[in-house]
Amino acid sequence: MHAAIAPAARRSLATVSAAAPRQQYRVVVVGGGAAGVTVAAQLGKHAAFFNKKDVLIIEPSDTHYYQPLWTLVGGGLKSLSSTARPMASVIPSHADWLKARVSKIEPAANVVRTDDGKEIAYDFLVVAPGISINIDKIEGLKESLGKDGVSTNYLAAHVEKTFEFIKAFQGGNAIFTQPSTPIKCAGAPQKIMYLAEEHFRDKGLRGQTNVSFYSGIGKIFGVDKYANSLTEVCKKRDINVNLLHDLVAVRPDKKQAVFKKVGGDGGSGEVVVAYDFLHVTPPMGPLPFIRESGLADEAGWVSVDRATTQHVAFKNVFSLGDSSSLPTSRTAAAVAAQSGVTTANLLSAIEGRPLAAAYDGYTSCPLVTGRDKLILAEFNGYTLQPRETFHFDQSVERPSMYRLKADMLDKIYWELMLKGNWVGPAPFRPLLNPLDRN
């Protein structure tokens, strides 16, 4: 899992946004999600940023969500409100907040432009705007969501509908999808499936219910150790697993889901499946302004060095989290580890020192398999090899690991990580000593 560092000083949090930000900041952070706020909070522990309001966070949202709990919201085990806090309450006191959406970055000119016409200059830039959830990429999905048993846990406006539809389900085909694109929290598409299947069983509906998982990728999970355990869970609970099937259309009038076969031994073509309940994980991808700003790799992600998180061409630009090209799973655990490295290397760049901190691909995915069961996948996302914290087999379903996710990780997030006191696994801590000096 992670390790906390002792804070240099407890910082109060800002309560208002910046109505009129300055025209130039030493550091501009694009994005007020987990990655952006955490890096900004860590910067505030460094003497160069104490009480100087020299960090600007640009973020359009009024609300900050702890999204890893949305699986439990969709499963009826948590409320959406318990995962939300006002954005102003998580902005560090040493930072300004511009409530706007970035329309373009001009890295050669060190300028960020926003959709409300503002132009902000920076000395250093952290790009962490998150990921685009592309519901329009699936024909008929936008019109279907929130109606007649079609839901997704990936949007705040729809996550509570998931449990509403699960409760109303009376049998038939329950379908859960995962796209072929990269997504945030790659285990989430199947976590809600296990919670729903358990609910159907408890209500005496399992005998008249077909539970099916359709994934556009070729494995149920990227790391073999955990994939083997999940495959056994599916076999034991009679869940049909269909790999290399990408959802391309929803036909709400006929209650049909249309899948495209994406290769493998099954060949190509379309498969049409009737549904009574359909949980969709939409395709995801990079935000368009990244490519338009000249910061992207061929796939559209911010092109950074996989160790330092520094941009490959613009040395005063760093990126982490869902929008970066870092080839690991997009999770809050990954962000925690990346944030410490990004902050340490950003401070080194500001001071003209070599970049010494290195991110090695660490990530974690708590795989909920029931209301009191969880497989805690921890691994190196670069090598896809397990990298476990505890001295027991984490590929086994355990009630203790469920309690960790349900009752503890959100507290760590709100009270430690977003305040700059949680930087990932212990190996990263020595590199962050500069954060504690005055």
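Nothing fancy with the numbering, it's 1 onward along the sequence.
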Set of side chain to side chain donor-acceptor pair (under 3.5 Å) partners for Ser348, sequence neighbours left out: Arg353
Can you name the residues that form a salt bridge (Lys or Arg N to Asp or Glu O under 4.0 Å) with Arg251, not counting sequence neighbours? none
Determine all donor-acceptor pairs shorter than 3.5 Å in which one atom belongs to a side chain in residues 368-376; sequence neighbours excluded.
unit_1	atom_1	unit_2	atom_2	d
Thr369	OG1	Glu397	OE2	2.6
Arg371	NH1	Glu198	OE1	3.4
Arg371	NH1	Asp202	OD2	3.2
Arg371	NH2	Asp202	OD2	2.1

What residues form a ring-ring contact (aromatic ring centres under 6.0 Å, His included) with Phe314, not counting sequence neighbours? His311
Residue pair Asp410, Lys78: steps toward the salt bridge (Lys or Arg N to Asp or Glu O under 4.0 Å) verdict: CA-CA 12 Å; Asp410 62 329; Lys78 295 284 185 179; 5.3 Å; no
Mind listing the side-chain donor-acceptor pairs of residues 129-139 below 3.5 Å, one per line with the distance, residues two or more places apart or on another chain?
unit_1	atom_1	unit_2	atom_2	d
Ser132	OG	Asn134	OD1	2.6

For Thr162 and Ser151, which I'm curious about, is there any donor-acceptor pair between the side chains at under 3.5 Å? yes
Return the set of residues passing side chain to side chain donor-acceptor pair (under 3.5 Å) with Thr114 (not counting sequence neighbours), or none when no residue passes. Asp116
How would you list, by chain and number, every residue that makes a salt bridge (Lys or Arg N to Asp or Glu O under 4.0 Å) with Lys219, sequence neighbours excluded? Asp224
Between Lys225 and Asp393, is there a side-chain N and carboxylate O pair less than 4.0 Å apart? yes
Using a 4.5 Å cut-off on heavy atoms from C-beta on, say whether the side chain of Leu195 contacts that of Phe163. no
With sequence neighbours left out, what residues match Arg113 under side chain to side chain donor-acceptor pair (under 3.5 Å)? Glu106, Glu119
Please test Tyr122 against Tyr25 for ring pair (Phe, Tyr, Trp, His ring centres under 6.0 Å), starting from the C-alpha separation and ending with a verdict. CA-CA 5 Å; Tyr122 61 82; Tyr25 286 80; over 10 Å; no
Sequence-distant partners of Phe124, ring-ring contact (aromatic ring centres under 6.0 Å, His included), two or more places apart: none
Sequence neighbours left out, what passes salt bridge (Lys or Arg N to Asp or Glu O under 4.0 Å) with Lys167? Give chain and number order. none
Ionic contact status for Arg237 with Glu232, cut-off 4.0 Å: no
Partners meeting side chain to side chain donor-acceptor pair (under 3.5 Å) with Gln385 (sequence neighbours left out): none
If you measure only the distance, is there a donor-acceptor pair under 3.5 Å linking the side chains of Asp123 and Asn316? no
Which atom pairs, donor and acceptor, lie under 3.5 Å between side-chain atoms of residues 175-186 and protein residues at least two apart or in another chain?
unit_1	atom_1	unit_2	atom_2	d
Thr177	OG1	Thr281	N	3.2
Ser180	OG	Asp246	OD2	2.6
Thr181	OG1	Met284	N	3.0
Thr181	OG1	Met284	O	3.4
Lys184	NZ	Gln67	OE1	2.7

Salt bridge or not between Asp62 and Lys99? Use side-chain N to carboxylate O under 4.0 Å. yes
